[in-house]
Amino acid sequence: MEIPISLSKLVINSKQTDGVNYSCDVPLITSPLSYAEFRERFLKLNKPCILDDWATADWRCRKEWTTNDNLPNLCFLKENFGSAVVPVADCSKVAFYSHPKQEVSVADYIDYWKEYIGKGHASCQPCLYLKDWHFTRDFPSYKAYTTPEYFSSDWLNEFWDKKLDRNDDYRFVYMGPKGSWTPFHADVFKSYSWSANICGRKKWVLVPPGQEEHLRDRHGNITCDLFSADLMDKMLFPNNPEEAERVEVIQESGQIIFVPSGWHHQVWNLIDTISLNHNWLNGFNVDVMWASLQASLLEVEHELADLKDMDSWPQQCQVVLQAYSGIDYAEYYRFLYAIAITRLVLLERHAEQMSCCNCSNSRVSLDTATDQCLSDKVACSEAITSACDASVGSRIEAEVSSQKSVSVGILKNKAGDNEGLAPTCQERDNEQSPILRFSHILFDLWMVYHHMKLLLDSKEFQQLDVSELPSAPSEAMSKMAEALLKFYCSDCFSML
């Protein structure tokens, strides 16, 4: 397939000296920034950006997986990982809006890749793309990289790492020759993703949430190729696909791109390329996951409407939802519950440091003068400048539904910003398992409580058999409520 590059539309990253280049639609972060900055500029606004190669400079894989010419070190990869069996997609074929896959050994794929390069990436051969390789699962002792702190609050992989019934995760390695590509799609569960080029060069086309509606055909299916000639057929694509907003960007070797929730994208390897990718969720985009899950269930219920009179129809809809989306309402409950339990344990460690200030509403005061929490929605706001010992810092604000926001005010140490994620000990040898600071732990629990309440209030969940869940929903809610009421006044808590 010829790689479509329109120079008139292409956004080329240009390095600046001020740390962040905002002259492009996708900012290039040329020097490290704080977690708080990243949260405010990108996580909360759900906007893409690129971290320059400083973010990957110390990674082992950038040294061992590449040659002195910054090309894929195919001999090293074959020698050290050749026995692994991996999925390989045929980019020359499209079936059901994706590329058909087969499983081969890494050694066999490397042999193919060498031959493909030797023949000048000839179009007479199939263009095969090794993708979705669970490398950290297959080689847990090989410390290939360290997740940047901006992405380390990762509920999705935290949950998956704890699952005893499946040895799985959402951490992947991609390897492919010039011309290999990934069809137009949004990521699983409408999650965030980050993708790092170990070597090579990619072209990304990003489409903001909602704009993909222009790219549906008359049957309601979204195109898998933004440059397909079929998009010119107004009978087949009647929703004016040319009006869909898009951002095109080139990702260079060593750079990491942050793809926000719900942004559809299509990606091409402009030269031989190796990359890493994580899908991830946290308190800033769990609302998008919940909305996506609800929308998927509505689609399933529509398709099964003819069977609605059967006694087990709600349960059958959940079975199909699990097969269709990879998660059902019971599994979503388990996901939230797992995050809640971890945060409850972490909060318990802070319990001995709790004391009361002399304002009229409940609040937290840590004798270590680190993170403290106080609602900005209640009468004790006057205590911020009078009775409180710590200075006022920034606040975490998260969109908890399309109709409502909840703001959590954060009091911080006078010494500086304490809201970031600390460096961590590692559950997996090459994965950060974040030890969260107090304010972030509390924020996570707040968001889990809110979204579990939304789930439990839904009629679809109330129709399910909850006997096999890890904890009775009412008990789980009570545990979270008891913990949160230690840190929030009753008026603030009632907002949940």
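All values below come from the heavy atoms of this structure, side chains included, with hydrogens, waters and symmetry mates left out.
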If the condition is salt bridge (charged side-chain N to carboxylate O under 4.0 Å, His left out), which residues does [X] pass it with, not counting sequence neighbours?
{"X": "Asp132", "answer": "Lys101"}
{"X": "Glu245", "answer": "none"}
{"X": "Glu64", "answer": "Arg60"}
{"X": "Lys131", "answer": "none"}

Legend entry - Lys/Arg N to Asp/Glu carboxylate O, Asp168 vs Lys163, below 4.0 Å: no
Legend entry - Electrostatic pair Arg343-Glu158, nearest N-O below 4.0 angstrom: yes
Is the gap between the ring centers of [X] and [Y] under 6.0 Å?
{"X": "Phe81", "Y": "Phe135", "answer": "yes"}
{"X": "Tyr329", "Y": "Tyr333", "answer": "no"}
{"X": "Phe151", "Y": "Trp194", "answer": "yes"}
{"X": "Tyr192", "Y": "His278", "answer": "no"}

Legend entry - Steps toward side chain to side chain contact (heavy atoms under 4.5 Å, CB included) verdict (Asp272, His121): CA-CA 10 Å; Asp272 296 330; His121 302 84; 2.9 Å; yes
Legend entry - Donor-acceptor side-chain pairing of Tyr97 and Asn221 below 3.5 angstrom: yes
Legend entry - Modelled atom types, side-chain donor and acceptor of Asp90 and Ser92, under 3.5 Å: yes
Inset, instruction - Establish, yes or no, whether the cationic atom of Arg246 lies under 6.0 Å from the six-membered ring centre of Phe227 and within 45° of the ring axis. - result: yes
Inset, instruction - Would you mind listing every side-chain hydrogen bond (donor to acceptor under 3.5 Å, both in side chains) that reaches into residues 288-297, with sequence neighbours excluded? - result: Trp290-Gln294, Ser296-Ser325
Inset, instruction - Could you walk me through whether Gln255 and Asn197 pass the side chain to side chain contact (heavy atoms under 4.5 Å, CB included) test, one step at a time? - result: CA-CA 6 Å; Gln255 294 181 340; Asn197 275 1; 5.7 Å; no
Inset, instruction - Verify, without hydrogens or angle tests, whether Thr56 (side chain) and Trp59 (backbone) share a donor-acceptor contact under 3.5 angstrom. - result: no
Legend entry - ring pair (Phe, Tyr, Trp, His ring centres under 6.0 Å) involving Tyr170 - partner list, sequence neighbours excluded: Trp160, Phe189
